[in-house]
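Single-structure report; data block below.
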Amino acid sequence: MAPVPLRLATWNINSVRLRIDLVTRFLAEHRPDVLCLQEIKCRDDQFPHKAFAAAGYRYRAVHGQKGYHGVATVSRRPFSESFRQAFCGKDDARHVAVTIRLGGQQLTIHNTYVPAGGDIPDPDVNEKFAHKLAFIEELGAFLERRPEDAILTGDLNVAPLATDVWSHRQLLRIVSHTPAETDRLEVLRTRGGWTDAVRHFVPPEEKLYSWWSYRARDWRASNRGRRLDHIWVSDGLVPTLKAASIVAATRDWPRPSDHVPVVVDFGRPRRS
DNA sequence: ATGGTGGGTAGCCCA
């Protein structure tokens, strides 16, 4: 069978320098065409370019920062344009976009790291939570102004559905699953005309996670996960969706990230 | 109800 035209993966790596061997293993085993990384936690000049080049990922757009945050998109296929967008008047490294060709059309991939939001889910007493809510609103407004086919991916730090957390009832007041966040993300999703590519294949009754805390004795046994990492596609791309998966196996690799990769396969665009 | 474990980095910041 011919390979799909595009395989896209997203992974919050929690330090790309510390975990470069896990990344290259993932690239070798799953061969995504494009990998979007978040929390690279290094400056642009510290990014491990050589390891990606050796793995065949010639094209790289890095938006790094010392110590915190940082995103990078690496690709085996050429991308023509890349830019970084700032949000909320901060110079946090939380976004990088690249434009690639899928079939005959141009496609912009927005790799995004939404603020985690701190512990207290009250914007009046917790500036980090206020920042998170404002960031989601500003991201939505920014994406609405962009007409081309697009993918919104990354660590959105929100588990939107009741089945995106291990206990809906117990997490309603925990940052990442509060109505203030899930409502805003849903507004962004519907106004922007986005489809959740993973939920396109997995029914909403089924529990699905992409993150498990480090603070569990046995992450698999307790299984208190959340689905924080997403791949969303604009309307024009929905007919090209072929498959989606979450690579939970990486959570058992040595010195793992607390997040695992999310992968989506795209087929050839339908003729119109 | 609490604290539990990981990053980056040199003081505690953050997830």
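Just so it is clear: chains get the letters A, B, ... in the order the sequence lines come, proteins before strands, and each one is counted from 1. Atom set for the values below is all heavy atoms of this structure, side chains included, hydrogens, waters and symmetry mates excluded.
For A/F47, the ring-ring contact (aromatic ring centres under 6.0 Å, His included) partners are A/H49, A/F52, not counting sequence neighbours. Partners of A/D45 according to the salt bridge (Lys or Arg N to Asp or Glu O under 4.0 Å) rule, which considers only residues two or more places apart in sequence or in another chain, are A/R43. Looking at residues two or more places apart in sequence or on another chain, you find a salt bridge (Lys or Arg N to Asp or Glu O under 4.0 Å) between A/D196 and A/R227. Under the salt bridge (Lys or Arg N to Asp or Glu O under 4.0 Å) criterion, A/D258 pairs with no residue at all, not counting sequence neighbours. Every side chain to side chain contact (heavy atoms under 4.5 Å, CB included) that A/S82 has, sequence neighbours left out, goes to A/A61, A/V98.
The phosphate of B/dG7 (OP1 or OP2) has a side-chain N or O of A/R255 nearer than 4.0 angstrom. For the pair A/R17 and B/dT9, the criterion of a side-chain N or O lying under 4.0 Å from OP1 or OP2 is met.
The separation of B/dA1 from B/dG6, taken at their P atoms, amounts to 26 Å, rounded to a whole angstrom. Across the C1' atoms, B/dA15 and B/dG3 are found 16 Å apart, a figure rounded to whole Å. Comparing the P positions of B/dT9 and B/dT5 gives a spacing of 23 Å, expressed to the nearest Å.
Between the P atom of B/dG7 and the CG atom of A/L22 lies a distance of 11 Å, rounded to the nearest Å. Taking atom CD of residue A/Q170 and atom C1' of nucleotide B/dA1, one finds them 13 Å apart after rounding to whole Å. Rounded to whole Å, the distance from CD1 on A/I13 to C1' on B/dG6 is 13 Å.
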Report, one pair per line, the protein and nucleotides 13-15 of chain B atoms (nitrogen or oxygen only) whose separation is under 3.5 Å.
| unit_1 | atom_1 | unit_2 | atom_2 | d |
| --- | --- | --- | --- | --- |
| B/dC14 | OP2 | A/K128 | NZ | 3.4 |
| B/dA15 | N6 | A/R215 | NH2 | 2.7 |
| B/dA15 | N1 | A/R215 | NH2 | 3.0 |

Legend entry - Verdict with reasoning, A/S15 to A/R255, per side-chain hydrogen bond (donor to acceptor under 3.5 Å, both in side chains): CA-CA 11 Å; A/S15 174; A/R255 297 200 78 180; over 6 Å; no

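Contact annotation for A/R43: no contact, since no heavy-atom pair falls under 4.0 Å across all strands.
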